[in-house]
Amino acid sequence: MLTAFYALTFMAHDLPKSYEPGAIETRWADYWIEEKLFSVTAPPAGPPSENRPTERTTRPVFTLLLPPPNVTGRLHMGHMLNQTQMDIIVRWHRMRGFITLWLPGTDHAGIATQMMVERQLAKEGKKRRDLGREKFVERVWEWKREYGGAILDQMKRLGASVDWDREYFTMDDNLSHAVREVFVRLYEEGLIYRGKYIVNWCPRCETAISDLEVKHEDVAGKLWEIRYPVIGSSEFITVATTRPETMLGDTAIAVNAKDERYTHLHGKYVLLPLMKREIPIITDELAQPEFGTGAVKVTPAHDPNDFQAGLRHDLPQIDVMDEHAHMNQNAGVYAGLDRFEARKRVLADLQEQGFLVAEKDYALALGKCDRCGTVVEPRLSEQWFIKIAPLAERAKEAVESGEITIVPDNYQTIYLNWMNNIHDWCVSRQLWWGHRIPAWTCGTEACGEVTVAREAPQKCPRCGSAKLEQVSDVLDTWFSSGLLPFTTLGWPEKTRDQAVFYPTTLLITAYEILFFWVARMIMFGCHFMQGHEQDPAIKKASGWGDKQNDSVPFREVYIHALVRDAERQKMSKTKGNVVDPLEVIERFGTDATRFTLAAMAAPGTDIAFNESRTDGYRAFANKIWNAARFMFMNVDRVEPGLRPGLTAEGGCQMGVAGFLTSTLEDRWILSRFNRVAADVNDALATYRFHEAANRIYDFFWGEFCDWYLELIKPRLNFDEGADKTAARAACANLVALFDGALRLLHPVMPFITEEIWQAMYEGRPPLKSIALASYPQADKKQFNLAAEAEMAILQDLIVSVRNLRAELKVEPKVKVPIEVFAHEPEIRTMIEHNRGAVERLASVEKIMFVESSLTKLPGARSTARFDVHVIFERKIDVAAECERLKKELEKIEKGIASGQKQLGNEQFLAKAPANVVENLRKQQQELAVLQEKTRSKLNELGCQ
RNA sequence: AGGCCCGUAGCUCAGUUGGUCUAGAGCGCUUCCUUGACACGGAAGAGGUCGAUGGUUCGAAUCCAUUCGGGCCUACCA
């Protein structure tokens, strides 16, 4: 199928003049999926034997879990950055021979998804209660089937090389089963408890939410001071509050025991205004003498601090609101009012009755529901909690001991800080969509026993009643996603997948979910995978041999940057500044967009996404494309059968290893290629994506295209009478180098590299994809300092001549003779050897070597290694030339001055490393020569 | 309240443990060039002393302190 396609398109290497990513990208994305190129199975266990090829169990393993996007999600720039980085790392590992598993899936996203469907229902004029639980949940599943795959489809467009055969959904049967198992085990271990506590309650979502789901927003609020009359006295005690309506539920007034102002009131009672209830004055740490009046009202049912104080003093808890945050019957005459309406009425009544003392402006951080923005109400309710301290302990250790490393390392501190101040986790949610808590309440009034079990019990274990009803709450979404590193690998079954792929190698994620998700995975992983051991052969091959503990969910975490808009603002729907990655892709191509994100992703800094960069990288793709056209054009000129490295049988076997070196440019480019390969591998190993991307960019464009291709053009001569052997060799080198460069670039730009690579083999590649080819590793033996130094001089010479031509305003088509002086004979020889290059690249007619310095002539340029003079009869602008020379001299002398200062400093000579001193000396010598030459020129021109 | 990050050319950003940084790149800008890979191109240029101040050091864009400006996160002080 594909071969046929190539037969049509590429046999003649008839590539369009400019690169059009659209069709090419979707074609390869589909191809990779259809061919299941990225599906992996665990290699069998046991020592290598005849039946078991050695290499299978000794290959290293790389496992990465995709942070599951919400089923409700739409791809945004954050996803794209995340996925680009993951794909780069994954492809890089795969090409380096790792058994590479990248596991994709989606999260059921409790509240978000439920809201989505509720909104849909609202359009039909219905509420979820109209349908009832069962019908509603069925409706959500329908929604999921219809729209839930959208984000993964978008992901396919990015070329993400995930194993689609292993795609999971957090509510799949096997994962749900694991969730129940975890819940029951935690309960049995006493790590889950149920109780009436103050939780964050969203009155709109009608559910409890965790601390992390509350977003604080600074608002200008008020602080009201209310006085309560002390019983049996004419005195009043004044308290301050930001929430006067809660006073209806006050059950005490607290003062600090050390606060002498109130000592005489200890043990007395006050009459609660409006409610006319007697409540005690207690002493508690809750009240801090420095704040306000030093006295504080205590409302155990509506404030977490007051709740704790209430427990300490055994105070009644009077809940004055219902689940919608409307006042209930406990609120007396205010019953039925919304909380904010009640506030107004309470304040008015207090004012009228003379209890309101003052109203002050007060800045407060108002807690709002992360999902819907409704002001969160601390509410007393029956919830399920995970006792976090024992889990956190191990999770802390795992990071402190280095079993898990977090990159960049400042996040390590943040993580540990959080772990030290962690509270119990409220895991129950009053929603219908999610994993229902595996607990059953006995319906017999006298019993009410709650039973936690893996399967629905037949009868109540306490009273034997069969009237059992499952608890209606579901679990926090992050409960199930926190288990994914092992549940996706078959847990609670002990599977081969686990032995091979657990611990996963790496997690790449956003800072935002460090606590929501990352911390929870670490806690659950360390707890439930305790005692787990990765297959020793695989562990060793993967380089984790010294790590003691295999219970951790991943060995490394890389926290990526936040993508902001061009103005550095956080992208958000409400601001309307969201850049849609698919739109960007549409305009510039996936490769260019990926490259942008990679090139801008310096660790630890946010990315201000800027389209002009993407436009630039689209140009880069085009450059690659045209370099490929150039290569194919030349390959086509070689007789069929003698095509270098492109035969159907052998394929392009040579790679860069088979590169034939003869000329300076060959030795040079080979050295450069190996250096770049070394740098890129280094950069990727430490997640310096920007460095990897930039190194390849500079190499491909600045060295390979700008210099190498230009330099070899004369050798690619297949005309009658030309040296065809030399031409074929040059062509072979070109192909080999191109092949290497494509492989180097592939993780960042998978599509264009695949397209060209496949075309190089005319549809009959030795492997199904470049993604399976080997990644270039540096061969240090090919580093060639001499070639690089010589090439630098040659480039310098060519640029100098071009520069002089521009200054002398020589017509571009006119070839000029030049004179060159080089006092070192080797340099002269080198230039002589490469005179053709100089002549062609600088439009030089001929080169004449002279025996003395050329500084005195106008139209000359000097460097430390050579002088060059362009012979062209035109008066130069003496004033301008003087100006330029003066500026140059100034710079040189500044350099000399600072260098001499350093070299004259004995401390420097004593303390600086030898090579630094030596380099400086060398540099100084060169500067001195240049200074001399520049001065003579200034004299010659008669500059002032 | 605590913590973190950023402030380098007109714009967007690099600059790994302080020393070839006489500070780079892309876009933009100036001049020139349609030469059979590429005008999404080529050639040559102009442009910043690294927010400010002080310190450590033989040596600082790079480390420390203070300060100004921008952003983010965490927090149960009424």
Side-chain angles (χ1 to χ4, degrees), chain A residues 15 17-19 198 211 216 223 239-243 254 286-288 290-293 295-299 303-308 362 364-365 378 410-411 413-414 417-418 421 423 511-512 514-515 562 564 566 568-570 599-600 602-613 615-634 682-683 686 688 690-691 694 697-698 702 705-706 709-710 799 802-803 805-807 809 811-813 841-843 891-892 894-895 898-899 901-902 905-913 915-917 919-920 922-923 927:
Chain A
L15 274 60
K17 200 168 167 182
S18 54
Y19 179 58
I198 289 272
D211 292 348
H216 293 272
L223 188 68
V239 299
T241 180
T242 54
R243 308 200 44 213
L286 181 67
Q288 288 173 22
E290 314 81 53
F291 190 92
T293 60
V296 57
K297 66 193 223 29
V298 185
T299 323
D303 182 281
N305 290 315
D306 294 9
F307 174 77
Q308 292 300 333
Y362 190 73
L364 68 154
N410 59 305
Y411 289 109
T413 323
I414 296 174
N417 275 342
W418 189 75
N421 298 309
H423 300 294
Y511 168 68
E512 293 174 302
L514 182 61
F515 306 130
L562 202 66
R564 302 168 179 282
R568 299 212 130 264
Q569 298 289 306
K570 195 170 169 175
M600 297 186 76
T605 48
D606 287 346
I607 294 172
F609 188 82
N610 193 307
E611 270 182 16
S612 74
R613 286 286 286 267
D615 201 23
Y617 295 127
R618 179 180 58 152
F620 180 49
N622 192 245
K623 187 75 183 176
I624 297 167
W625 187 251
N626 278 289
R629 288 180 65 218
F630 175 76
M631 168 179 66
F632 289 132
M633 188 186 86
N634 284 292
D682 272 5
T686 46
R688 275 145 41 222
H690 68 300
E691 202 179 303
N694 287 327
Y697 180 95
D698 291 341
C705 289
D706 287 351
L709 291 187
E710 293 306 325
V799 170
R802 285 170 175 170
N803 192 316
R805 291 176 54 101
E807 258 166 43
K809 298 200 167 31
E811 292 290 316
K813 280 174 186 156
L841 300 184
S843 289
K891 226 175 167 181
I892 292 166
K894 213 172 126 192
S898 85
K901 196 177 138 204
Q902 280 202 64
N905 187 324
E906 281 183 29
Q907 298 266 26
F908 170 71
L909 297 176
K911 290 182 181 174
N915 68 317
V916 172
V917 178
N919 282 336
L920 189 63
K922 212 181 281 172
Q923 190 192 24
L927 282 175

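Each chain gets a letter, A, B and so on, in the order its sequence line appears, and its residues count up from 1.
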Say we look at C11(B) and C50(B): how far apart would their P atoms be, to the nearest angstrom? 16 Å
Over all strands shown, is Leu223(A) touching base, sugar-phosphate only, or nothing at heavy-atom distances under 4.0 angstrom? nothing
If you look at every strand shown and take non-hydrogen atoms under 4.0 Å, does Leu920(A) touch a base, only sugar-phosphate, or nothing? nothing
Just call it for Ala910(A): base, sugar-phosphate, or nothing, with non-hydrogen atoms closer than 4.0 Å on any strand. nothing
If pairing requires Watson-Crick or G-U wobble contacts with both distances under 3.5 Å, which nucleotide is the partner of C27(B)? G10(B)
Asn626(A) has an atom CG; how far is it from atom C1' of G42(B), in whole Å? 13 Å
Asp615(A) CG to C40(B) C1', in whole Å, measures 7 Å
Without swapping roles, check the side chain of Asp303(A) against the backbone of Thr299(A) for a donor-acceptor pair under 3.5 Å. no
Expressed as a whole number of Å, how far does the C1' atom of A14(B) sit from that of A52(B)? 23 Å
Among C38(B), C58(B), U74(B), the nucleotide that comes nearest once only the side chain of Gln907(A) is considered: C58(B)
When rounded to the nearest 0.5 angstrom, what is the spacing between CH2 in Trp418(A) and CG in Leu514(A)? 8.0 Å
Tell me what Tyr697(A) touches on the nucleic acid: a base, only sugar-phosphate, or nothing, going by heavy atoms under 4.0 Å. sugar-phosphate
May I ask you to say what Val917(A) touches in the nucleic acid, namely base, sugar-phosphate or nothing, with a heavy-atom cut-off under 4.0 Å? nothing
Counting side-chain heavy atoms from CB outward, which of G41(B), A43(B), A78(B) is closest to Thr242(A)? A78(B)
Between P of G42(B) and CZ of Arg805(A), the distance in whole Å: 19 Å
Step by step, work out the side-chain contact (heavy atoms from CB on, under 4.5 Å) result for Val239(A) and Val296(A). CA-CA 5 Å; Val239(A) 299; Val296(A) 57; 5.5 Å; no
For nucleotides G59(B) and C4(B), find the distance between their P atoms and express it as a whole number of Å. 29 Å
Measure NZ/Lys17(A) against P/U34(B) and give the value in whole Å, please. 15 Å
With a cut-off of less than 4.0 Å, is there a side-chain N or O of Tyr411(A) near OP1 or OP2 of C73(B)? no
Anything under 30° is parallel, anything over 60° is perpendicular, the rest tilted; go ahead and classify Phe620(A) against Tyr697(A). tilted
Pairwise C1' distance for A61(B) and U8(B), with rounding to whole Å: 7 Å
Please check if the side chain of Arg618(A) supplies one atom and the backbone of Arg613(A) the other of a donor-acceptor pair under 3.5 Å. no
Considering all heavy atoms of both residues, which atom of Pro378(A) and which atom of Arg243(A) are nearest to each other, and what is their separation? CD-NH1, 3.7 Å
More 5' along RNA chain B: Thr241(A) or Met600(A), using each one's nearest nucleotide? Met600(A)
Using Watson-Crick or G-U wobble geometry with both distances under 3.5 Å, which nucleotide pairs with A61(B)? none
In the strands shown, is C4(B) matched to any nucleotide by a Watson-Crick or G-U wobble pair with both distances under 3.5 Å, and which? G71(B)
Taking only the side-chain nitrogens and oxygens of Arg618(A), find out if one of them lies under 4.0 Å from OP1 or OP2 of C40(B). no
Counting heavy atoms from C-beta on, name the nucleotide in C40(B), A37(B), C76(B) closest to the side chain of Ala619(A). C40(B)
Per atom distances to the Pro812(A) side chain, the nearest of U74(B), C33(B), G41(B) is C33(B)
In whole angstrom, what separates Glu691(A)'s CD from G24(B)'s P? 17 Å
Rounded to the nearest 0.5 Å, what's the gap from CZ on Arg629(A) to CG on Asn622(A)? Could you check? 9.0 Å
Which nucleotide in C76(B), C40(B), C38(B) has an atom nearest any side-chain atom of Asn305(A): C76(B)
With the side chain of Asn694(A) defined as its heavy atoms from C-beta on, choose the nearest nucleotide among A37(B), G26(B), A14(B). A14(B)
Between C64(B) and G7(B), how many Å separate the two P atoms, rounded to a whole number? 14 Å
Answer with base, sugar-phosphate or nothing: what part of the nucleic acid does Asp306(A) contact at a heavy-atom distance below 4.0 Å? nothing
Glu710(A) has its side chain closest, among A37(B), C58(B), A44(B), to A37(B)
Can you check the Glu611(A) CD to C11(B) P distance for me, whole Å? 19 Å
Could you tell me whether the phosphate oxygens of G15(B), OP1 or OP2, come under 4.0 Å of any side-chain nitrogen or oxygen in His690(A)? yes
When every non-hydrogen atom of Asp682(A) is compared with those of Arg688(A), the smallest separation belongs to O-NH1, 4.1 Å
Who pairs with G41(B) - Watson-Crick or G-U, where each distance is under 3.5 Å: C33(B)
Using purine N1 to pyrimidine N3 plus N6-O4 or O6-N4 for Watson-Crick, or N1-O2 and O6-N3 for G-U wobble, both under 3.5 Å, which nucleotide pairs with A78(B)? none
Looking across every strand, which nucleic acid part, if any, lies under 4.0 Å from Tyr511(A) by heavy atom: base, sugar-phosphate, or nothing? sugar-phosphate
Ignoring backbone atoms, establish whether Lys809(A) has a side-chain N or O less than 4.0 Å from OP1 or OP2 of U31(B). no
Rounding to an integer number of angstrom, what distance separates U49(B) and C40(B) when you compare their C1' atoms? 35 Å
Whole angstrom value for the distance that separates P of C40(B) from CZ of Phe630(A): 20 Å
Assuming nearest nucleotide by heavy-atom distance, tell me which of Gly616(A) and Cys705(A) is located more 5' along RNA chain B. Gly616(A)
Taking CZ from Arg613(A) and C1' from G26(B), how many angstroms apart are they, rounded to a whole number? 6 Å
P atoms of C76(B) and A65(B), separation to the nearest Å: 29 Å
Could you give the distance separating U57(B) and G19(B) at their C1' atoms, to the nearest angstrom? 12 Å
Atom pair OG (Ser843(A)) and CZ (Arg802(A)), whose distance is rounded to the nearest 0.5 Å: 8.5 Å
